[in-house]
Amino acid sequence: MNNMDYLKELNPQQKKAVEHTEGPLLILAGAGSGKTKVLTCRIAFLIDEIGVPPWQILAITFTNKAAGEMRERVDRAVGPRAGQVWVATFHATCCRILRQHIDRLGYDRSFTIYDTDDSRQVIKEIIRQLGLDPKVYKERGILARISSAKNHMTDPEQMEKEAFRWEEKKTAEVYALYQKKLKQNNALDFDDLLLKTVELFRQDAEVLSSYQERFRYIMIDEYQDTNSVQFAFVQLLASRYRNLCVVGDDDQSIYKFRGANIENILSFEKEYPGCAVIRLEQNYRSSKKILQAANEVIAHNTGRKSKTLWTENEEGVPVRFRQFATGADEAEFVIGEIGELSRTQGKSFRDFAVLYRTNAQSRLFEEKCVSADIPYQIVGGVNFYSRKEIKDMLAYLKTIDNGADDLAVTRILNVPKRGIGQTTVTRIVQYAAENGIGVYDALQKAGEIPGLGRSLSKIQGFTNLISRLRAAAQEYLGVQQLLEMVLKDTGYQDELEAEDTEESRARLENIGELISKASAYEDTAEEASLSDFLQQVSLVADIDSVEENAERVLLMTLHAAKGLEFDTVYMTGMEENTFPGYMSLGTGSEEEIEEERRLCYVGMTRAKKCLTLTAAQMRMVRGETRFFNASRFVSEVPRNMLDSGRDTTDTRRFLAGGREEWNSRAAGHEPGRIGGRGTAASQTLKKKNPLFAMREFTVSKADHLEYGVGDRVRHVKFGSGVVTEIKNGTRDYEVTVAFDKAGVKRMFASFAKLKKE
DNA sequence: TATATAGTGTTTTTT
DNA sequence: ACACTATATA
């Protein structure tokens with residue numbers, strides 16, 4: 001394209017950002033300010049106007065999905081040359097670099113990538129080996145500690161030195177062993193991908209120099225979410241030509257928990273004195289009302305870069321807030337409304353998104369979607385690639401590709417069942433450890449291992465199977481065919497077919513999907529190989545598989561929603577301790593609250609036309625019912641900007657009625673009814689007018705109970721008994737009753753329906 | 001050795 | 001509520 005059509009559509013700041021090609025540039029891009037457009041135009045401009053060869057451009061995005069979109073858009077602007085622009089995520093970029101050069105760090109270039117699950121297994125094994133108490137040293141915590149150390153580029157020795165508590169010393173020890181194991185298994189975890197690349201660059205001037213020469217123009221998206229290692233990576237790469245353009249929004253930094261360092265963006269100007277700073281403050285996405293509300297909320301944060309988003313979009317409808325008695329009511333309202341809007345206003349299901357803080361909250365919405373027959377897709381939760389059957393298949397591929405991965409080998413050693421039991425496995429692993437060889441090597445030498453008895457032939461059966469598959473893979477089979485062969489020859493398929501349950505059929509279906517993914521991979525990959533396939537598979541994010549134009553409602557966490565936009569957004573679970581979550585409230589640190597607030601801001605700014613905040617007064621959390629107040633973020637939107645459903649006389653009447661009834665219950669006149677399903681009449685009312693279910697923000701715990709310790713009470717199901725204990729919890733009374741027939745039970749007063757006798 | 005059952009702990013967010 | 005682990009039992 002010779003003309004600069006794409007420049008004409010840009011506003012002055014955007015244009016400036018596109019045309020500023022030389023030297024460091026910081027683009028502070030508010031939500032919905034068209035930064036993807038700027039980035040793609042900038043790439044096109046570099047190629048078309050400046051004459052930069054496409055392969056000298058590196059663009060790093062946050063997700064594979066974003067990378068794909070960006071490539072597509074550049075492709076549209078400059079044509080097929082766009083294929084030579086390197087667009088990828090940090091992890092994929094590092095992975096590609098390491099595939100070329102990691103041998104210089106003493107790893108094999110066919111390394112495998114461990115996901116969090118794999119890493120946990122390794123940690124667990126180490127804790128066992130060191131004889132540490134698994135109650136004190138939990139894999140999860142240790143892994144988090146190690147990950148954070150890696151994000152700060154701290155190695156085990158350093159951690160050991162800095163440790164002053166016994167557990168920290170031990171953690172450092174686990175860390176050291178963990179790294180050793182990973183290396184033995186020729187595996188890298190997610191953090192290693194970045195860390196080893198930086199290590200490589202630092203240690204090998206030649207390699208670094210070649211990449212510095214190659215990538216003369218570097219662009220980083222979502223810069224506010226980069227961590228120290230990524231920062232170091234960028235610094236190293238950009239230090240020669242200094243044509244570094246970073247785009248970010250400090251208000252949308254939501255990944256502190258995985259090491260993102262907000263300072264990276266706040267201090268960019270210090271790192272690169274004299275860098276250009278461009279602010280994109282015009283929002284093209286949301287209505288005025290939505291944007292105003294979001295601005296109000298985020299204004300409660302301190303330490304931001306000054307920035308005020310504005311928009312020329314229409315005024316729009318007010319942001320709504322609705323509070324319901326239970327999580328189920330909340331879900332019913334949201335899904336019910338979506339169904340109604342699609343029926344009556346011809347809205348498309350893809351215009352809707354339901355957002356929540358934690359994946360666990362998805363269930364209620366999913367249930368309502370199923371019962372209302374509304375098509376939906378849940379993003380996240382259990383990742384496709386972490387399903388058991390998929391991991392099993394991949395473990396076979398890994399074993400075929402790289403027999404050094406002990407984790408993969410032990411995973412499939414007896415899957416499907418081939419009579420190799422726990423005792424045998426332990427013996428083999430022990431032998432491998434004693435002789436400093438891999439588990440697969442040990443299997444091949446099984447004849448030398450004493451005490452295996454009858455298992456020996458089974459083991460030989462396994463190694464023969466693997467050699468056969470390996471030979472097939474090397475000689476003539478593609479990934480797809482190999483997978484099919486694995487499925488059949490291992491007996492995996494037979495086992496699932498014999499099981500013939502709904503679950504086993506679903507598993508087979510999942511494997512079928514994996515096979516079609518493999519086939520799609522072979523069709524598109526430049527140079528298809530087993531290692532490369534395994535790499536791609538381990539670096540996909542949940543959001544990557546979301547198709548833009550499918551006709552369904554999307555359900556996802558607020559984190560997953562970043563970078564997306566929807567006509568109508570429901571932010572659900574807007575309750576204290578749900579969002580902001582109890583984790584961030586527990587510490588009382590303002591910093592964590594601010595991160596949650598940014599998350600809220602991200603959520604709000606996903607909406608184009610209609611934004612609804614919803615909350616429940618009680619919901620089940622880990623099997624117990626809890627009471628919640630509305631989120632502080634709701635009250636941070638000024639009342640006059642918020643439609644709380646309280647402004648019409650109708651509503652007020654309903655509310656008054658509702659509250660009266662509630663208060664009378666709360667006062668203890670009918671303790672058994674709190675949280676119950678309510679009377680038939682109130683249920684009909686609820687159906688007629690969902691506002692009936694709405695309440696003020698007040699807590700809903702009984703002030704006192706009609707009975708005390710020692711009183712005889714009667715329970716509908718358990719019969720009579722004596723109250724032995726009453727614990728006054730923050731949310732509800734917890735009553736212990738010794739029943740005459742049913743034994744001792746602990747229950748919540750509001751649900752127990754206890755009557756004094 | 002494999003499976004059924006009871007007991008235990010657990011969850012924020014993700015590449 | 002659910003998943004995972006330890007223990008008992010066939």
Side-chain angles (χ1 to χ4, degrees), chain A residues 60-67 88-95 113-121 124 128 134-135 138-141 143-144 147 150-151 188-195 222 225-227 229-230 253-260 327 355-364 379-383 385-386 388 414 416-426 453-455 458 535-544 556-562 573 577-587 592 595-596 598-600 602-603 619-626:
Chain A
I60 292 188
T61 57
F62 200 67
T63 61
N64 294 303
K65 181 163 178 276
T89 64
F90 268 110
H91 291 271
T93 302
C94 290
C95 195
I113 300 166
Y114 276 5
D115 63 20
T116 315
D117 222 59
D118 300 326
S119 299
R120 260 175 59 184
Q121 295 296 119
K124 216 162 97 185
R128 233 196 328 257
K135 292 237 159 51
K138 300 192 174 117
E139 312 108 70
R140 232 189 125 68
L143 198 56
S147 177
K150 287 185 174 183
N151 288 154
L188 301 184
D189 66 15
F190 288 135
D191 300 319
D192 281 341
L193 288 174
L194 306 165
L195 203 57
E222 306 282 9
D225 286 321
T226 53
N227 63 32
V229 187
Q230 292 165 333
S253 165
I254 54 172
Y255 281 101
K256 184 157 178 265
F257 70 90
R258 72 174 200 214
L355 309 182
Y356 35 77
R357 177 66 235 270
T358 63
N359 281 307
Q361 290 166 256
S362 68
R363 232 196 59 201
L364 285 172
V379 181
V382 189
N383 188 309
Y385 292 102
S386 46
K388 181 186 176 299
N414 195 33
K417 305 218 161 26
R418 44 176 77 90
I420 303 175
Q422 195 52 54
T423 358
T424 311
V425 175
T426 315
R454 266 170 275 115
S455 305
K458 311 260 174 68
Q535 155 186 333
Q536 288 217 1
V537 150
S538 46
L539 292 180
V540 291
D542 297 314
I543 196 72
D544 294 337
M556 66 191 131
T557 63
L558 288 153
H559 280 89
K562 182 155 90 151
N577 289 304
T578 306
F579 183 40
Y582 66 96
M583 281 300 205
S584 52
L585 289 170
T587 60
E592 296 205 37
E595 172 121 339
E596 297 274 304
R598 289 192 291 271
L599 192 54
C600 181
V602 167
R619 71 169 73 238
M620 283 276 241
V621 182
R622 288 204 301 248
E624 61 174 337
T625 304
R626 300 202 153 170

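Below, chain A is the first sequence line, B the second, and so on; all start at residue 1.
- Counting to the nearest Å, the C1' atom of B:dT11 and the CD atom of A:Q361 are 11 Å from each other.
- In this structure, CD of A:E222 is placed 13 Å from C1' of B:dT15, rounded to the nearest angstrom.
- For A:T116, counting side-chain heavy atoms from C-beta on, the closest listed nucleotide (B:dT15, B:dT12, B:dA2) is B:dT15.
- Not counting sequence neighbours, the partners of A:Q361 by the side-chain hydrogen bond (donor to acceptor under 3.5 Å, both in side chains) test are A:T358.
- Within 4.0 Å of A:K458, counting heavy atoms only, lies no atom of the nucleic acid at all.
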Give each protein N/O atom lying under 3.5 Å from an N/O atom of nucleotides 1-8 of chain C, with the pair distance.
unit_1, atom_1, unit_2, atom_2, d
C:dA1, O3', A:R363, NH1, 3.3
C:dC2, OP1, A:R363, NH1, 3.2
C:dT5, OP1, A:K124, NZ, 2.7

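- A:S538 comes within 4.0 angstrom of nothing in the nucleic acid, heavy atoms only.
- For A:F190 and B:dT15, the CZ to C1' distance is 5 Å, given to the nearest whole Å.
- Put simply, CG on A:L585 is 13 Å from P on B:dT12, counting in whole angstrom units.
- Taking the C1' atom of each, B:dT13 and C:dC4 are spaced 22 Å apart, rounded to whole Å.
- Each of A:V379 and A:K138 was assigned the nucleotide of DNA chain B with the nearest heavy atom; the assignment lying further toward the 5' end belongs to A:K138.
- In terms of phosphate contacts, A:T557 brings no side-chain nitrogen or oxygen within less than 4.0 Å of OP1 or OP2 of B:dT12.
- At the heavy-atom level, A:F62 lies nowhere under 4.0 Å from the strands shown.
- With rounding to whole Å, A:E624 atom CD is found 15 Å from B:dG9 atom P.
- Take A:T63 and apply the side-chain contact (heavy atoms from CB on, under 4.5 Å) test, not counting sequence neighbours, and it matches A:K65, A:A66, A:I543, A:D544.
- The side-chain contact (heavy atoms from CB on, under 4.5 Å) check on A:A92 picks up A:A88, A:T89, A:L539, with sequence neighbours excluded.
- The residue among A:R357 and A:H91 whose nearest nucleotide of DNA chain B is located toward the 5' end is A:R357.
- The side chain of A:R140 sits closest to B:dT11 out of B:dT11, B:dT14, B:dA2.
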_For A:M583 and A:F257: C-alpha separation, side-chain torsions, deciding distance, then whether side-chain contact (heavy atoms from CB on, under 4.5 Å) applies._
CA-CA 11 Å; A:M583 281 300 205; A:F257 70 90; over 6 Å; no

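- Using a 4.0 Å cut-off between charged nitrogen and carboxylate oxygen, A:R120 and A:E139 count as a salt-bridge pair.
- Here B:dT15 is the nucleotide among B:dT14, B:dT12, B:dT15 with the atom lying nearest to any side-chain atom of A:T89.
- When heavy atoms are screened at a 4.0 angstrom cut-off, A:K417 is found touching the sugar-phosphate backbone but no base atom.
- With rounding to whole Å, A:D115 atom CG is found 12 Å from B:dT14 atom C1'.
- A:F90 does not qualify as a stacking partner of the B:dT15 base, lacking a centre-to-centre distance under 5.5 Å together with planes within 30°.
- Rounded to whole angstrom, the span from the CG atom of A:N227 across to the C1' atom of B:dT14 amounts to 12 Å.
- Rounded to an integer number of Å, the gap from CZ of A:R598 to P of B:dT13 is 18 Å.
- Atom SG of A:C95 is separated from atom CD of A:Q536 by 9.5 Å, given to the nearest 0.5 angstrom.
- By the side-chain contact (heavy atoms from CB on, under 4.5 Å) test, A:E596 pairs with A:R357, A:F579, A:P580, A:S584, A:F633, sequence neighbours left out.
- The phosphate of B:dT13 has OP1 or OP2 within less than 4.0 Å of a side-chain N or O from A:N359.
- Every side-chain contact (heavy atoms from CB on, under 4.5 Å) that A:K150 has, sequence neighbours left out, goes to A:I146, A:Y175, A:Y178, A:Q179, A:L182, A:D189, A:D191, A:D192, A:L195.
- Within 3.5 Å, no donor on the side chain of A:R258 pairs with an acceptor on the base of B:dT15, nor the reverse.
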